[in-house]
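One structure is given below, encoded as C-alpha cells.
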Protein chains: 2
Amino acid sequence: MSNRTYLLAMAAIALFSPSALAQQDVPAKTLPVPSVEVSPEIQKVIAMPLRQGWNVLPKTGEEWKPIVEAAAAGVIKNFVPGLREQMKVKFESTTIDGVKAFIITPEKIAAGNENRVLIHMHGGCYVLSPGEAGLPEGLMMAGFGGFKVISVDYRMPPTAYFPAALDDGMTVYKNALKTTGAKNIGFIGTSAGGALVLEMGLRARQLNLPMPGAIASGTPMSDVTKVGDTFYTNELVDNVLVSRDGFCDAAAKVYANGHDMKDPLLSPVYGDMAGFPPTILTSGTRDLLLSNTVRVHRKLRQLGIEAALQVYEGQSHAQYYRDDTVPETKEAFEEIAGFFDKHLGK
Amino acid sequence: MSNRTYLLAMAAIALFSPSALAQQDVPAKTLPVPSVEVSPEIQKVIAMPLRQGWNVLPKTGEEWKPIVEAAAAGVIKNFVPGLREQMKVKFESTTIDGVKAFIITPEKIAAGNENRVLIHMHGGCYVLSPGEAGLPEGLMMAGFGGFKVISVDYRMPPTAYFPAALDDGMTVYKNALKTTGAKNIGFIGTSAGGALVLEMGLRARQLNLPMPGAIASGTPMSDVTKVGDTFYTNELVDNVLVSRDGFCDAAAKVYANGHDMKDPLLSPVYGDMAGFPPTILTSGTRDLLLSNTVRVHRKLRQLGIEAALQVYEGQSHAQYYRDDTVPETKEAFEEIAGFFDKHLGK
C-alpha cells in the first residue's frame, strides 16, 4: 500500500470514527497471496475474488430456493463426477428411517476401518448443498481416509426448519447404533456441518445416547449470534464467507426460523460439551470462523477433552475441501483420518 | 465504521493500489474488543493501544541499549517482584559454564516433577529483556506448573550477536544433560524465545545431542524473513508487534548482524525438524505471528510429530503472559504444564 493510501485511510478514520476507548481502528490494506511453502494450487484458491453473491441475503426458504438449486446444479455437474473418480469411491442414495442419505464406499476400505463408519453432515449454512451437492467432503473423507461414510442429505428450508437437520442427523446416528458400536462411529462435518456434528453430540447427551468415538468439526458455525473476534479481523479478508452480515448469516436465520440463535443446538459453543469424545477442529488463518473454531477448541480443552486444532496458512472458510488436487486438502483429510484412526474403536 | 469512511478508504485503494490479480484489498475497519466468554482481565489487555515505540527502529546494538535498559528497568521494578510473590516462587542468579542464568524454584514442586527441569529462553526480539526482565514467563511456568526452571539470561546485542543467544542456550542444555536425562528436560520460550527453543532442537540434532523430552514454543519468531500471511492480515491489528516492519524486525536484524535471515538457526520454520519431541505451540487470533506459529505446527505434523496448537480468542502476540491475574494466562500455562507432564520422563 502506498504511503498516500495509508494517510488517506487514517485521515478518514480520524475524521469519522467514534473514539470509543475499547475499539481499534485498522487502516485499509492490500493482502498479497502467501507464496512461500504454500502450494501453487492453494494459492489459486486463496487468490479467488470474494464469493459471488456474498451480500445477497434472501429472507425466506422460498427466496433461497432458486439460489440453492442453481449452486447445487453446478456442483453436481462440474465437481462431483470427477471427484468421485479421483477419490476412487462410489456412492448410492438411500433412505434411513425416512431420512435421505448417501452411502459412500471407497474402492478399498483402509485396514482397521472395516468395522467403522463415519456420519457426514454437509455444510452450506443450513440451506445450501442439497442432494449430491452435499457430497464433496464425504467423498474426500472416504477417498483420502479409506472409510465408509454415510452422508446425510438432511431436510432444509423451505421443506423444513430448525431442528430438522439435527433431527435427521440423529435419526441416522440412532440407526447406525443398531449395527455399529458407538465407539466405532465418527461424526464429520464442516461449517453448518461442523456445527451440526457438535449439536449432535449435545443432543446425544440430552437423549442419553452414547457418544460417538470421535468428532471432526471443520470451521464450525458454532456461534450464529455473530460473536467471535475474527468476524471482525477477517471481515473482507475471508473470500468465502466475507462478512458476518453476509449470505451465511442470512441462511442461518432462515433455518432458525425464529428460534433463539443462542440455543446450543444452533450455537453449540454455548453448550455443555462435558463427555464429548476426542474432537479435531480445522480452520485457516483467514477464516471468518477461526474464532468460532478456536473457541470450541478451548471449551473442549477446558473440560480436559482430547481436542486437536489444525489451522492452515492463508486459507479462508472451509477452503481445505475446495479442490481435491490441492496438497493441503490431502494433508487436512489425512490428518483427520489419522485422528479417527487413533480414536475410533476397531 | 461510517459509510463515508468506507467509501473514502475504498477510493484511496482504487486510486493508488496496483491492480495485481493475486492481491486482495481490504477496507479500513474498526475492531471491537471481544466481550463474550472472554475474561474482563484479558479484554483490558486486548484493548490496549498499539505498543509505544512500535515503529522506532534502532539499527545497532548500541542504539538499542538505552531503549532496552529503560524497558527492562520498568519490568524489573513494576512486574517481577509482585509476580514472584503471586507465583510463590523464588529465583537466584547463577552462572552455568560461563552463561548467566536464573534458577527459579516453586514453593512446591508438583508431584511427578521432582526429576524434571525446564530450560527457559526469554522473548524480546533477541535484544530486549536482559537480566531479571527476562523472568516473567519463567516465573509463571514455575508457578502455574510447579516446575524447576532454569531461565537463561543469554548474551544479546551490543554485547554479542548471532549465534550467541543460541550458543548460550545450548551451553545450559549440555550442562543440564550432565545431571538430568534428556527426556526429563523441557524447553520453553515465547517470541524470540519460541524461536530459540526450536533453534536449540535443530542445533541439538546438528551436534548429535539427544532431543529434550518436550518443547513449548509460544508464538515463535520462526520466520524473520517476514514471510507469513498474518504479517499482513493482522498488521495494525496486533497491538504488540503491530507491523512486520516494526521494532521486532529491526531488533532481529541487529541480532542477525548480517547473517542470512533464512538460516534455520534464525528462521527455524525452514529447518528439518525430523526427530523433534512433542511440541506445543501457543498463539492468538490477532497475533502477527499466528501464521508463523501454525506453519511450525504443520511442519511438525507433516513429520508425524505429536504437536499441539492452542490459539486464544482476540489475543495479540504473546499476550498470554502479559498478566498473571488473567484467567486465560493461567489456562495457557496449565495447558503447557499438562503437555510437559504428559510427555516428559519422570
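Every chain is numbered from 1, with letters handed out A, B, ... down the list of sequences.
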So which atom in A:Ser291 and which in B:Glu313 form the shortest heavy-atom distance, rounded to 0.1 Å?
OG-OE1, 2.6 Å
Looking at A:Arg244, I want to see if its CZ is surrounded by more than 12 non-hydrogen atoms of other residues, nucleotides or ligands under 6.0 Å.
yes
Chain A heavy atoms under 4.5 Å from B:Gln302: which part of the residue, side chain, backbone, both or neither?
side chain
Could you report the tightest heavy-atom contact between A:Gln24 and B:Leu236, atom names first, then the distance?
NE2-O, 2.9 Å
Over all heavy atoms of both residues, which pair between B:Gly314 and A:Asp229 is shortest? Give the atoms and the distance, please.
CA-OD2, 3.3 Å
Quick check on the interface: out of B:Val227, B:Val311, B:Thr230, who has the most heavy-atom pairs with chain A under 4.5 Å?
B:Val311
Non-hydrogen side-chain atoms of A:Tyr270 and B:Val36 separated by less than 4.5 Å
yes
When you check the side-chain N and O atoms of B:Gln23 and A:Thr30, is any donor under 3.5 Å from an acceptor?
no
Suppose a student defines contact as a heavy atom less than 4.5 Å from any heavy atom of chain B. Which residues in residues 216-223 of chain A would they list?
none
Of all of A:Glu37, A:His297, A:Lys299, which one pairs up most often with chain B through heavy atoms under 4.5 Å apart?
A:Glu37
Assess whether salt bridge (charged side-chain N to carboxylate O under 4.0 Å, His left out) is satisfied between A:Arg301 and B:Glu331, documenting all intermediate values.
CA-CA 9 Å; A:Arg301 291 299 307 139; B:Glu331 181 179 345; over 6 Å; no
Are A:Glu328 and B:Arg298 packed together at the side-chain level, in the sense that at least one heavy-atom pair is separated by less than 4.5 angstrom?
no
Can you tell me which of A:Gln43, A:Glu335, A:Gln310 forms the most heavy-atom pairs within a distance under 4.5 Å of chain B?
A:Glu335
Take A:Thr233 and B:Thr285, measure what side chain to side chain contact (heavy atoms under 4.5 Å, CB included) needs, and give me the verdict at the end.
CA-CA 9 Å; A:Thr233 58; B:Thr285 60; 5.5 Å; no
B:Tyr232 vs A:Lys29, test: side chain to side chain contact (heavy atoms under 4.5 Å, CB included). Steps then yes/no.
CA-CA 8 Å; B:Tyr232 299 88; A:Lys29 57 178 80 171; 5.7 Å; no
Which atoms of B:Lys44 come close to chain A, meaning under 4.5 Å heavy atom to heavy atom: side chain ones, backbone ones, both, or neither?
neither
